[in-house]
Colleague: 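Right, I'll just put the structure down here and ask away after.
Keep in mind the model is a prediction, meaning the values are calculated, not measured.
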Amino acid sequence: MPLTPTALEASLLRDQVCKRLRDAIISMELKPGERLVERELSLSTGVSRATIREALRELASEGLVTVLPQRGVVVRVPTLKEAEELYELRAVIEGLAGRRFAQRATDEQVRKLRKAHKALAAAHRSRQDIAEILAQKTDFYDVLFAGADSPTMEAIAVGLRARVNVLRHLSLGAPGREEESVREIEAIADAVERRDAEASERACVAHVRRACEVALEAMSQWDVGPGGSIPGTVIAELGSRSS
């Protein structure tokens with residue numbers, strides 16, 4: 001007779017499935033507009049359809065998926081208004097993280113941040129694909145938030161970045177944006193090395209707001225459908241950039 005999982009076990013399993021699907025969306029393994037079919041996800045993860053259903057509801061509450069008529073659950077992208085709001089929130093959170101890092105980080109954490117910046121610059125120079133570059137940026141932010149010593153802010157920032165992830169791919173694909181982004185990250189590293197909290201905050205905010213400008217410009221050219229669906233040509237382009 002099969003054992004019935006406890007409520008705690010079921011909750012942990014759902015959280016694991018949520019994390020796996022969230023990571024797949026962030027990494028562009030699951031692309032904008034892609035359908036998420038319960039039966040297929042159940043087979044690929046080895047968990048029940050009920051657990052998959054609960055996980056998808058959680059991701060929907062985070063704004064990462066949505067339900068469209070005749071299509072079911074799909075990976076979504078923010079509307080233009082939502083994207084602008086999400087970037088503005090990112091600017092506030094990451095600006096505060098930059099200020100706190102300059103004030104509170106250890107000397108070793110400052111060195112780690114510079115090392116992360118250099119790794120990101122090297123990824124750009126070697127023309128790594130955008131998925132790899134974004135992974136390097138994630139490493140940079142991991143160090144930044146560790147030094148800021150605020151798990152709460154970090155959790156909020158991760159959620160915000162996940163919701164605008166498709167736009168991050170587009171903004172880095174804009175002509176000249178990669179080099180510009182590296183210079184902005186360098187300005188953050190420079191400011192924290194000087195322990196200049198105000199300059200660090202300004203640099204973090206400037207970086208996010210410039211990324212917002214580029215992403216919104218690209219997004220304004222889309223014919224965004226209900227629920228944040230986007231044209232197949234854009235999905236194909238994103239797929240080629242992240243492969």
Colleague: With rounding to the nearest 0.5 angstrom, report the OG1 to CG distance, Thr66 to Leu59.
Modeller: 12.0 Å
Colleague: In terms of hydrophobic clustering (I, L, V, M, F, W, Y; side-chain heavy atoms under 4.5 Å; direct or indirect links), are Val73 and Leu43 co-clustered?
Modeller: no
Colleague: Can you check whether Leu41's main-chain N or O pairs, donor with acceptor, with Thr45's side chain at less than 3.5 Å?
Modeller: yes
Colleague: I need the Asp15 CG to Glu54 CD distance, nearest 0.5 Å.
Modeller: 10.0 Å
Colleague: Could you state whether Val92 and Leu86 fall into the same hydrophobic cluster, counting links through intermediate Ile, Leu, Val, Met, Phe, Trp or Tyr residues with side-chain heavy atoms under 4.5 angstrom apart?
Modeller: no
Colleague: In this structure, would Ile188 and Val110 fall into the same cluster of hydrophobic residues linked by side-chain contacts under 4.5 Å?
Modeller: yes
Colleague: With a 4.5 Å cut-off on side-chain heavy-atom distances among I, L, V, M, F, W and Y, is there a chain of contacts connecting Val37 to Val67?
Modeller: no
Colleague: Mind checking whether Ile185 and His207 have side chains closer than 4.5 Å, heavy atoms only?
Modeller: yes
Colleague: Please report the shortest heavy-atom distance between Ala55 and Arg14, naming the atom on each side.
Modeller: N-CG, 3.9 Å
Colleague: Do Leu21 and Leu36 make a side-chain contact, defined as non-hydrogen atoms from C-beta onward lying under 4.5 Å apart?
Modeller: no
Colleague: What I want to find out is whether Lys137 reaches Glu132 closely enough, with some N-O distance under 4.0 Å, to be called a salt bridge.
Modeller: no
Colleague: Heavy atoms, side chains only, cut-off 4.5 Å: are Arg76 and Pro32 in contact?
Modeller: no
Colleague: Would you mind checking if Asp107 and Arg195 are paired as a salt bridge, meaning a charged N to carboxylate O distance below 4.0 Å?
Modeller: yes
Colleague: Is any side-chain N of the basic residue among Arg53 and Glu58 closer than 4.0 Å to the acidic one's carboxylate O?
Modeller: no
Colleague: Do other residues, nucleotides or ligands put more than 12 heavy atoms under 6.0 Å from Glu82 CD?
Modeller: yes
Colleague: Before giving the answer on side-chain contact (heavy atoms from CB on, under 4.5 Å), spell out for Glu84 and Leu80 the whole-Å C-alpha distance, their side-chain angles and the decisive distance to 0.1 Å.
Modeller: CA-CA 6 Å; Glu84 189 172 8; Leu80 193 64; 5.9 Å; no
Colleague: I'd like to know if Glu179 pairs up with Arg183 as an ion pair, taking the criterion as any Lys NZ or Arg NE/NH1/NH2 lying under 4.0 Å from an Asp or Glu carboxylate oxygen.
Modeller: no
Colleague: Taking all non-hydrogen atoms of both residues, which atom of Gly33 and which atom of Arg71 are closest, and how far apart?
Modeller: O-NH2, 2.6 Å
Colleague: Do you know which two heavy atoms are closest between Cys204 and Gly98, and how far apart they sit?
Modeller: SG-CA, 3.8 Å
Colleague: Would a 4.5 Å heavy-atom cut-off, applied to side chains only, mark Glu217 and Glu213 as touching?
Modeller: no
Colleague: With the 4.5 Å side-chain cut-off for hydrophobic clustering, are Tyr141 and Tyr87 part of the same group?
Modeller: yes
Colleague: Is the shortest side-chain heavy-atom distance between Val65 and Val74 below 4.5 Å?
Modeller: no
Colleague: Quick check for you: to the nearest 0.5 Å, what is the distance between Thr51 atom OG1 and Gln16 atom CD?
Modeller: 10.5 Å
Colleague: Measure across Val143 and Phe101 and return the closest heavy-atom pair with its distance rounded to 0.1 Å.
Modeller: O-CE1, 3.4 Å
Colleague: Measure across Glu29 and Glu34 and return the closest heavy-atom pair with its distance rounded to 0.1 Å.
Modeller: O-OE1, 4.0 Å
Colleague: Check this for me, if you would: do Glu108 and Arg111 make a salt bridge, where the nitrogen-to-carboxylate-oxygen distance has to be below 4.0 angstrom?
Modeller: yes
Colleague: Find the distance between OG (Ser181) and CG (Leu120) and round it off to the nearest 0.5 Å.
Modeller: 6.0 Å
Colleague: Does Arg177 pair with Glu180 as a salt bridge, N-O distance under 4.0 Å?
Modeller: yes
Colleague: Are any non-hydrogen side-chain atoms of Arg114 and Glu186 less than 4.5 angstrom apart?
Modeller: yes
Colleague: Could you tell me whether a side-chain N or O of Arg90 sits under 3.5 Å from a main-chain N or O of Val205, the two making a donor and an acceptor?
Modeller: no
Colleague: Looking at OG of Ser61 and CZ of Arg57, how far apart are the two atoms once the value is rounded to the nearest 0.5 Å?
Modeller: 10.5 Å
Colleague: Check whether any side-chain heavy atom of Arg49 sits under 4.5 Å from a side-chain heavy atom of Ser42, and report yes or no.
Modeller: yes
Colleague: Is any NZ, NE, NH1 or NH2 atom of the basic residue among Glu88 and Arg209 found under 4.0 Å from an Asp or Glu carboxylate oxygen of the other?
Modeller: yes
Colleague: Once you round to the nearest 0.5 Å, how far does CG of Leu64 lie from SG of Cys18?
Modeller: 9.5 Å
Colleague: Could you pull out all donor-acceptor pairs under 3.5 Å where a side-chain atom in residues 144-163 meets a protein atom, sequence neighbours excluded?
Modeller:
from	atom 1	to	atom 2	distance (Å)
Ser150	OG	Met153	N	3.3
Arg161	NH1	Glu94	OE2	3.4
Arg163	NE	Glu62	O	3.2

